[in-house]
Amino acid sequence: MLFLMIKGYGQNEDAKISPYTLPEVLKTLDGKTVNKISDWEKKRRPELLTLFENNIYGQMPKSYDHISYKVVNEAANAMDGKAHLKEVDIMVERADKSVTIHLILFTPNASKKSSPVFLLINNRGKENTDPTRKVKSEFWPAEMVIEGGYAIAAFHVSDAAPDNKETYQNGVLQLYPEQLTVDNGMKAIGAWAWAASRVMDYFKTDAAIDFGKVSIVGHSRGGKAALWAGAQDQRFAMVFSNCSGNTGAALARRQYKPAETIKAINTTFPHWFNNNYKQFNDNVNALPVDQHMLISLIAPRPVYTTSATEDLWADPVGSYLSISEAQKVYTLYGKKSGLSPDPPPANTPIIRSISGYHNREGIHNMTAYDWGNFIRFADFHYFHH
Ligand code: GTR
């Protein structure tokens, strides 16, 4: 028991972590300290976005020629009458090429007006988001979310960029082939985040969606994409990043031994981040950013990250420290989180805070426990303020 507690909860190997210094989120490249919202928004925030584009996630192309939405399947009385199902093909065209993102959306029939929504970037099997509901999965617990008064939506990453180092170009990148020729070009994770923004474009046109209350959700590699989408596209009202680990919520400079490193992620998944990121494989301290800055880009909007006690590969402590470091930017906006310097014990969610967090007992996964807390956090921010 004691052994398990040390292993799972305490991450006591922390003693072995070499001291590290994080780059300062509120200091501009020319050395000026930011202490006003206007300086943050006009100067430092754009500067950080560019640093993340150039060094990690790649450019985020914004222009296209045309976007269209086609409802390809609809059931007004899905889930025993509790929800309205719509499957929408979102087709984006540019220079004679097109990409189609298939959206699955359930909205609650109990709601007379438009509903807030959770949008999942689905990086697992498509059966997890079964529109027929024959297969039900905790990874996307649609019934539970509908019951909670929210709409729930998902698209699959493969529509935007196959999660494969040989074929990731066969999607969004066909619209933007020039991205493949530059070292700061978009790759798969950027393409997934881009697709999430196109779903936002669709939501804007759907009266069943409360457009000011769209939450983006992702797990692991999808959680990395959710943070990048939320950092980029300020139309997302809230971000949920589940067990996102390295190049997600976890601090890179902590270099916690059992956890994934930049070198490991770039070696196994060379198609996720841009070419420039590979320069930091053995030189993390040369990176001009760290992941607390990515979380800061979400400010002043609420953000919730999670870890799992057995998921040391994703560095639970490092994932907590980045949200607590990001508080400096939330504080600029007068938003207090009250996060303590140390992470909370397992299964002790932080809900009534601008930055939420929990460390679920168990393995690398996204479960009904995680979603239950996402709903509570969204309830708190959308309805109890
Ligand atoms: C792992 C990878 C992690 C994480 C995870 C997942 O293999 O090293 O960064 O993304 O996959 O997506 O489940």
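Each ligand, and each atom within it, is numbered from 1 in the order the structure gives. Remember, predicted model here, so these are calculated numbers, not experimental data.
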*State, without any angle test, whether Thr132 and Asp130 hold a side-chain donor-acceptor pair at a distance under 3.5 Å.*
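Result is yes, a qualifying pair exists.
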*Can you sort out the partners of Tyr330 under ring pair (Phe, Tyr, Trp, His ring centres under 6.0 Å), two or more places apart, ordered by chain and number?*
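Tyr330: no ring pair (Phe, Tyr, Trp, His ring centres under 6.0 Å) contacts found.
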*Qualifying residues under side chain to side chain contact (heavy atoms under 4.5 Å, CB included), relative to Ser158, sequence neighbours excluded*: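 Residues passing side chain to side chain contact (heavy atoms under 4.5 Å, CB included) with Ser158: Lys126, His156.
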_Residue by residue, ordered by chain and number, which ones reach under 4.0 Å of ligand 1 with a heavy atom?_
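Heavy-atom contacts below 4.0 Å: Ser220, Arg221, Lys224, Glu260, Ile265, Phe269, Trp272, Trp313, His364.
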*Using the test salt bridge (charged side-chain N to carboxylate O under 4.0 Å, His left out), find all partners of Glu47 that sit at least two apart in sequence or belong to another chain.*
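Per chain and number, Glu47 pairs via salt bridge (charged side-chain N to carboxylate O under 4.0 Å, His left out) with Arg44.
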_Tyr57 and its ring-ring contact (aromatic ring centres under 6.0 Å, His included) partner, picked from Trp192, Trp194, Trp228_ =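 For Tyr57, the ring-ring contact (aromatic ring centres under 6.0 Å, His included) test succeeds with only one of Trp192, Trp194, Trp228, which is Trp228.
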*Can Trp272 and Lys187 be said to form a side-chain contact (heavy atoms from CB on, under 4.5 Å), step by step?*
CA-CA 6 Å; Trp272 282 359; Lys187 293 210 185 195; over 6 Å; no
